[in-house]
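All remarks here apply to the structure that follows.
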Amino acid sequence: MTGFITKLFVWFTLIGLFSGCTAVSPSAPPTTGPVPNGRALVIGDISDEAAETIKGTQPLADYLAGQLSEFGITHGEVRIAPDLETMIQWMGRGEVDLYFDSPYPALVISQETGATPILRRLKYGVDQYHSVFFSRANAGVRSAADLAGHVIAFEEPFSTSGYMLPLAYLIENGLRPVEKESLDTAVAPDEIGYVFSTADNTTVQWVISGIALAGVTDNVTFGRLPVDTQADLAIFAETGNVPRQLVLVRSGLDETLVAKIKSELLAMNDNEAGQAALDTFLTTEFTEFPEGPDKALAEMQHIYQMVQAQK
Amino acid sequence: MIKRPWQQASLALKLTLIITFIVVLVVAMLTVVSVRREQQTFQRELEQQAKLLLDTLAASGADSLYFLDADFLQDLMQDLGQFDVVTFGRYYDADGRVVADALNPNTQFNITPDPFGQLLLQSDTTVFTWQADQLIAGQVVQLGAQRIGAVGVGLPTAPLTAKLDALGTQVTIIASFVVLIGLILALLFSRSITDPLQEMISATQRVREGDLSQRLTITSGDELALLGAHFNDMTAQLEDTLTQMEAEIEARKRTQAELEAAKEAAETANRAKSTFLANMSHELRTPLNAILGFSELMARDRSITPQQKENLEVISRSGEHLLGLINQVLDMSKIEAGRMTLSERDFDLYRLLADLETMFQLKAQEKKIRLIVERHPDVPQHVRTDELKLRQILINLLNNAFKFTDAGYVMLRVDYRPNGAANDTAVTPPPTHTLYFAVEDTGPGIEPDELATLFDAFVQAKAGRDFGGGTGLGLSLSRQFAQLMGGDMMARNVKDRPGNGAVFQFHIQVQLLAESSLPAGLRQAHQIVGLEPGQPTYRLLIVDDNRDNRQMLLHLLAPLGFAIRQAENGTQAIEEWQAWRPHLIWMDLHMPVLNGYEATRRIKTLPGGQDTIVIATTATAFSANIDDISDSGCDDFIRKPVQAHEIFETLQQHLGVQYLYADADEGETAVSPALPPQSSHDLAAALAALPPDLQTALQQAAVQTNMTAVAECLDRIQSLDPQLAQRLRNLADDFEYDKITALLPNRQ
């Protein structure tokens, strides 16, 4: 929130600075139209940038709603929750029908609301990912065990790759991760302190800047680092893969509707409108769980329980 | 001198260019200054914008930078980059590593610190770096005393450039407009100066071409208008002056025409007078020659009675007197016509004085008055001047003195005053000196009221009138002669009142002669003692019916070594010539049996006769018989009584005799001076040797008795044959133009 306000402040400042220098192209007037009556298919998301998120998700909502008219669904909606707690409430109340997220928050919502993962979402074409533990190459860290007594950087509490997977890894390896308030907080020798950086980039920056001995991010993020940067860093541990994102449907949703939704999602890249909606949604496609949903979910449930037990 | 193109340009062009150049220069300077100031202003503004942005980013990202929230910082930078107003945007961590980049995310996550980031971390103030297309600015982000990082942005200078371009365009347009205005004003200004000047130039040109009616109308009210007004005044004055001058010129032309007419009339009258005088001279002299000649011949007749002889003497004297009067009138006419010239010659002044004394001694004895001739010891003996005129003056004055003096004395005093180097007689040309003469008598003197007009022509004093006779020209002529010889004449009474006698004083300028420059005639009178050895024995035949004349020549020439024979008449002369073949014959013209004319003619026609020099000796004082002398074949003539020096000069001239000289002797023979010998044969030959055109001109002038033309011809002849010129001048002075034409070869 603070960051959002800060950004707004910066925006206004920039506008004020350069309003006389640049030809400010008039922004396109917001499109307005009659509020449709009827039932909506609501897709929910958690984001600080509501407008951006809605912009990227609305086409998907509209597309699906268009395919679900037989169910009395007349339109699609996108609702942005500021945090996970709010989404849990919304899905619990049935105010959100679909939700897309990485496994950990999806499992939390599933656990709390009974929402059901039905498909995988290949975001940016990534069907699965895992976490990597990295440090500066000259830091001398060769394994996770070398992290004892140090503070490492996780992303955020509800990050799959930035929290759930690495935490489970440490636990499974008999290490004792402990959340710390700051990077300067003392860490017991048998502890591995971790601090949430709130963002993968920040995690990487902390490690590069040397304020954190190591950090954890997903392999995709790490793979996007400059080659030279990667050469200066070293991955000393990696977790197993999990789906990149899950598609949750709320509980209580008609099974037929759920099946319809599922089938439509699976067929979206078969048509131009669906593909367009997928592109806007930064999604390559939706797929079934290769090992079957139960097995995939069972593994994720195991990891989830492990992490929950640690809290 | 080669002119540069700038120098050849018109004033209008120069002014226009100069003013335009100044305007352009000023406008350019102002433009540059203006643009520069705007550029600096824009730069300051851009820097201020950059600073503001940096401060904003620093403030905005301080917390995130502190926590190294790269994600937020990157979002911030990406948002910044979306505006396309920055060309560069970065956050740096506390070591200078790029944490976030607005345009190039690949710069993130670089372990190696960025140099610019490190620079910013080391700077206490905002760092501005102007690049070609952007302003890079950055500053450290400091929280408290801790430098947590830095932020840098880059702002494009394109807007600034665009602004400056727009400003430059505007300024250029304005400057061009100003230059155009300046050019127009320059043209107008230069025209305001050059147009009036051009008008002046055109007007001046027309004035130069003669149109003085040009007037300028310059109404500018400045200095040009004043110049135009002065120009108008000047041309008006010039016009008036020119009109006056034209009137004066016309008047002068008329006067000139009148003068030309008067001159023509005067010249016509002068020519008429000269013709008249020449004719009258001939008409008067010819019968006089006959009268005098025949009276002389008759006087030689031994059969005449003493009374007849006396009568003939009266006739002769009367004729000579009449001849003298005629000569005086002719001389005065020549003086009035400006044709009187000096015939300078070298002569013995002592001899002249002695001759005069001898001449007037008889008269003094007759009137029983004393004749006193006083000569200052310093008076030089040999001088050069016009001897004849000096003689004439002295004779006139002495004649007057004896005429008007009945008792007492007549005194002639001669004094000398040297001018300059008197003792250096070898100076060339010889210096002039002054001889002073005074004739004093004890006659009645001159009435005081007559002294002023005494020397006027045709004016006689009372005494002169009382005594009768004369033309009244004598004193006038004498004074004219004295003035001609560089002096003057005056008269006064003795004791400055009548009754005690009169004194006539005059002075003339003479040249002294050095011994070495004395003519042979003068030198030989002192010095000739014989003939130089190595010469042939010159055979001289003296032909004269007068024994005394023969003896004189015999005694003069024989002692020197000449071979002498004598003859009494022309027949004997021919016989002697045939027998003896003399080199030279002194031929008297008037002899019984056969006169000298015929004898000479016959001798000259005989074989070898042309080789004998015949010198005619004649007692007549006229030149009227020169034709006869020349026609007879005589080579030269001398007048009797002859002077020894003339004899010696004639022998030297015609035979080339070289004499031996000794110191001067005393008691030289006094002979009366005579005119220099003239040979009509020589004259004719000399005239024939002149250029044909000069002969023709001289003949025409003589036929027309044009004194001026004759004088011009004589001036030309002077440069060719000075002796011939002098001889011809003598003839012209005597108005003997017919003689001159007779001597000239027959020409068309």
Side-chain angles (χ1 to χ4, degrees), chain A residues 2-25 48-49 52 134 136-139 153 155-156 162 182-183 195-212 215 217 221-222 224-233, chain B residues 42 45-46 48-53 55-57 59-86 89 91-100 104-113 149 153 155-156 158-160 162-163:
Chain A
T2 303
F4 176 74
I5 293 173
T6 303
K7 286 191 178 181
L8 278 180
F9 173 71
V10 173
W11 276 50
F12 281 122
T13 302
L14 290 174
I15 291 171
L17 279 174
F18 301 111
S19 62
C21 300
T22 60
V24 179
S25 59
D48 294 337
E49 300 171 351
E52 190 72 20
F134 64 94
R136 294 175 65 160
N138 57 0
E155 182 187 352
E156 60 179 1
S182 69
L183 293 169
V195 175
F196 292 108
S197 68
T198 72
D200 289 328
N201 289 341
T202 305
T203 298
V204 171
Q205 189 64 49
W206 283 8
V207 172
I208 289 175
S209 299
I211 62 176
T217 187
T221 299
F222 190 87
R224 294 200 187 105
L225 293 176
V227 174
D228 295 340
T229 305
Q230 293 183 34
D232 293 328
L233 301 174
Chain B
F42 292 156
E45 289 178 356
L46 199 61
Q48 290 171 359
Q49 290 174 3
K51 183 67 171 72
L52 182 59
L53 182 58
D55 291 340
T56 302
L57 290 173
S60 304
D63 293 339
S64 301
L65 198 60
Y66 181 83
F67 292 111
L68 271 186
D69 188 348
D71 190 61
F72 177 79
L73 294 174
Q74 183 60 35
D75 288 344
L76 204 58
M77 278 297 164
Q78 283 182 346
D79 292 339
L80 182 64
Q82 291 176 0
F83 280 97
D84 291 332
V85 295
V86 295
Y91 279 106
Y92 304 89
D93 66 6
D95 293 326
R97 301 183 184 90
V98 177
V99 176
N104 185 11
N106 292 329
T107 61
Q108 283 180 293
F109 310 124
N110 197 334
I111 293 179
T112 305
V153 293
L155 297 181
L160 172 63
K163 276 189 181 179

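In this text the structure is predicted, and so the values were computed from the model without any measurement. The sequence lines fix the lettering, A, B, ..., with proteins before strands; numbering per chain opens at 1. All heavy atoms count here, side chains included; hydrogens, waters and symmetry mates do not.
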Report summary line: In terms of heavy-atom contacts, B:Phe109 and A:Leu225 come closest through CD1-CD2, 3.2 Å
Report task. Return the set of residues passing side-chain contact (heavy atoms from CB on, under 4.5 Å) with B:Phe67 (not counting sequence neighbours), or none when no residue passes. Result -> none
**Report entry** Which portion of A:Asp228 sits near chain B, non-hydrogen atoms under 4.5 angstrom
**Finding:** neither
Report task. For residues A:Ile208 and B:Asn110, report the shortest heavy-atom separation together with the two atoms involved. Result -> CG2-O, 4.0 Å
Query raised in the report: How about A:Thr202 and B:Asp69: does a side-chain donor come under 3.5 Å of a side-chain acceptor?
Result: yes
Query - side chain to side chain contact (heavy atoms under 4.5 Å, CB included), paired with A:Asn201, selected from B:Asp75, B:Asp71, B:Leu73 - result: B:Asp71
Requested in this report: Enter the distance from B:Ile111:CD1 to A:Asn138:CG here, rounded to the nearest 0.5 Å.
Outcome: 7.0 Å
Report task. Using the test salt bridge (charged side-chain N to carboxylate O under 4.0 Å, His left out), find all partners of A:Glu52 that sit at least two apart in sequence or belong to another chain. Result -> none
**Report entry** Nearest heavy-atom neighbours spanning B:Asp95 and A:Ser209
**Finding:** OD2-O, 4.5 Å
Query - Residue A:Ile211 versus chain B: region with a heavy atom under 4.5 Å - result: side chain
Query - Contacting region of A:Arg224 [heavy-atom separation from chain B under 4.5 Å] - result: neither
Query - Distance-minimising heavy-atom pair for B:Val98 and A:Gln205 - result: O-OE1, 3.8 Å
